Amino acid sequence: MKTWLFKSEPESYSWDDLVRDGRTCWEGVRNYQARNLLRDEVAEGDLVLLYHSQVQPQVIAGIARVVRAAYPDHFAWDPASRYHDPKAGPDNPTWVMVDIAPVRALDPPITRDELKEVPALADMMLLRRGSRLSIQPVAPVEWDAVLALREGREP
DNA sequence: GCCAACGTTGGC
DNA sequence: GCCAACGTTGGC
């Protein structure tokens with residue numbers, strides 16, 4: 001079982017939206033490095049930190065689980081989709097998505113500032129300057145260090 | 001709103 | 001294949 005961090009802008013899709021929906025397809029990844037991780041590494045059963053960027057404060061809002069491994073992202077060939085890619089089609093899917101479901105919220109959400117205080121997270125990809133990857137691997141020690149911030153708040 | 005850091009595009 | 005121009009991301 002691997003662990004990941006997925007970024008989203010809550011304005012387009014938030015943790016609360018995921019809780020409301022119960023499950024969602026994580027569509028719209030249009031970066032090859034992120035696509036390769038989704039396609040080749042992310043597996044059903046993996047756990048995911050859901051991170052909110054482009055808001056103040058930036059936070060990890062909750063933990064989700066991958067409930068379906070990578071399959072073609074058909075939004076890529078939907079002209080009405082904001083993620084439309086004219087080069088993709090059913091014969092050339094190009095992009096993939098996975099399905100995730102909420103496991104539990106982090107209450108309160110863990111802020112970026114809080115993460116920066118943790119020595120074990122000094123090398124975390126999320127905290128590195130210029131880090132834009134929207135699908136990031138999280139090392140086991142990093143995962144443990146993040147969850148330790150909400151120890152005693154298990155559901 | 002600014003700007004650094006990338007990623008992509010396209011002329012050559 | 002190079003690289004400048006451009007677009008996007010995302011923290012601040």
Side-chain angles (χ1 to χ4, degrees), chain A residues 2-21 24-42 46-66 69-100 102-139 141-150:
Chain A
K2 290 187 175 137
T3 51
W4 306 93
L5 180 143
F6 289 8
K7 282 185 200 170
S8 80
E9 299 177 22
E11 191 144 322
S12 53
Y13 199 83
S14 70
W15 168 259
D16 288 341
D17 293 331
L18 180 61
V19 170
R20 179 199 63 209
D21 295 343
T24 195
C25 49
W26 201 253
E27 86 272 27
V29 172
R30 296 291 178 269
N31 167 283
Y32 286 102
Q33 198 180 346
R35 188 280 309 269
N36 292 347
L37 289 171
L38 274 185
R39 185 190 59 192
D40 303 332
E41 305 284 340
V42 176
D46 284 359
L47 292 173
V48 175
L49 300 172
L50 193 58
Y51 178 77
H52 285 167
S53 64
Q54 305 287 61
V55 281
Q56 208 51 249
Q58 303 98 319
V59 294
I60 299 173
I63 300 169
R65 183 185 305 278
V66 177
Y71 60 105
D73 181 345
H74 59 266
F75 294 96
W77 58 83
D78 175 0
S81 170
R82 61 179 294 214
Y83 302 117
H84 180 232
D85 176 358
K87 294 189 293 295
D91 298 330
N92 174 33
T94 310
W95 307 109
V96 301
M97 55 189 175
V98 300
D99 289 356
I100 62 172
V103 174
R104 67 180 175 92
L106 291 166
D107 183 26
I110 299 173
T111 66
R112 182 181 182 88
D113 286 344
E114 207 175 340
L115 296 173
K116 286 194 282 195
E117 301 286 315
V118 181
L121 301 179
D123 292 328
M124 192 180 189
M125 186 181 291
L126 178 72
L127 301 180
R128 288 211 280 268
R129 186 180 162 76
S131 169
R132 289 169 40 181
L133 199 58
S134 61
I135 304 290
Q136 302 183 358
V138 175
V141 287
E142 294 169 347
W143 181 270
D144 292 344
V146 170
L147 293 210
L149 292 169
R150 291 295 178 274

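What you see is a predicted model; the values in this text were computed from it and never measured. Numbered from 1 within each chain, the chains take letters A, B, ... in sequence-line order.
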Is the shortest side-chain N/O distance from A:Gln58 to OP1 or OP2 of C:dG11 below 4.0 Å?
yes
Measure CG/A:Asp85 against P/C:dT8 and give the value in whole Å, please.
14 Å
Atom OH of A:Tyr51 to atom C1' of C:dG10: distance rounded to whole Å?
8 Å
d(CD, A:Glu9; C1', C:dT8) in whole Å:
10 Å
In whole Å, I'd like the distance from the CZ atom of A:Arg128 to the C1' atom of B:dC6.
14 Å
What one should report as the nearest heavy-atom pair of A:Arg35 and A:Val29 is N-CG1, 4.0 Å
Measure CG/A:Asn31 against C1'/B:dG7 and give the value in whole Å, please.
7 Å
Please check if any side-chain donor atom of A:Ser81 sits under 3.5 Å from a side-chain acceptor atom of A:Glu27, or the reverse.
no
I need the CD-P distance between A:Gln136 and C:dG11, as an integer number of Å.
10 Å
Assess whether atom CG of A:Asp40 is packed by more than 12 heavy atoms of other residues, nucleotides or ligands within 6.0 Å.
yes
Keeping the roles fixed (side chain from A:Arg150, backbone from A:Pro109), state whether a donor-acceptor pair exists under 3.5 Å.
yes
Whether A:Arg132 contacts C:dT8 is assessed here as follows: a side-chain N or O lying under 4.0 Å from the phosphate OP1 or OP2. Is that the case?
no
Mind calculating the distance between CG (A:Leu126) and P (C:dG10) to the nearest angstrom?
10 Å
Please work out whether the ring planes of A:Trp26 and A:Phe6 are parallel, tilted or perpendicular, with thresholds of 30° and 60°.
tilted
Can you tell me the distance, in whole Å, between the CD atom of A:Gln33 and the C1' atom of B:dT8?
14 Å
Picking from C:dC12, C:dG10, B:dA4, which would you name as closest to the side chain of A:Ser53?
C:dG10
State whether A:Tyr32 places a side-chain N or O below 4.0 Å from either non-bridging phosphate oxygen (OP1 or OP2) of B:dC6.
no
Does a side-chain N or O from A:Arg112 land closer than 4.0 Å to OP1 or OP2 of C:dG11, or not?
yes
Within the structure, does a side-chain N or O atom of A:Lys7 lie under 4.0 Å from either OP1 or OP2 of C:dG11?
no
Is the phosphate of B:dT8, meaning OP1 or OP2, less than 4.0 Å from a side-chain N or O of A:Lys87?
no
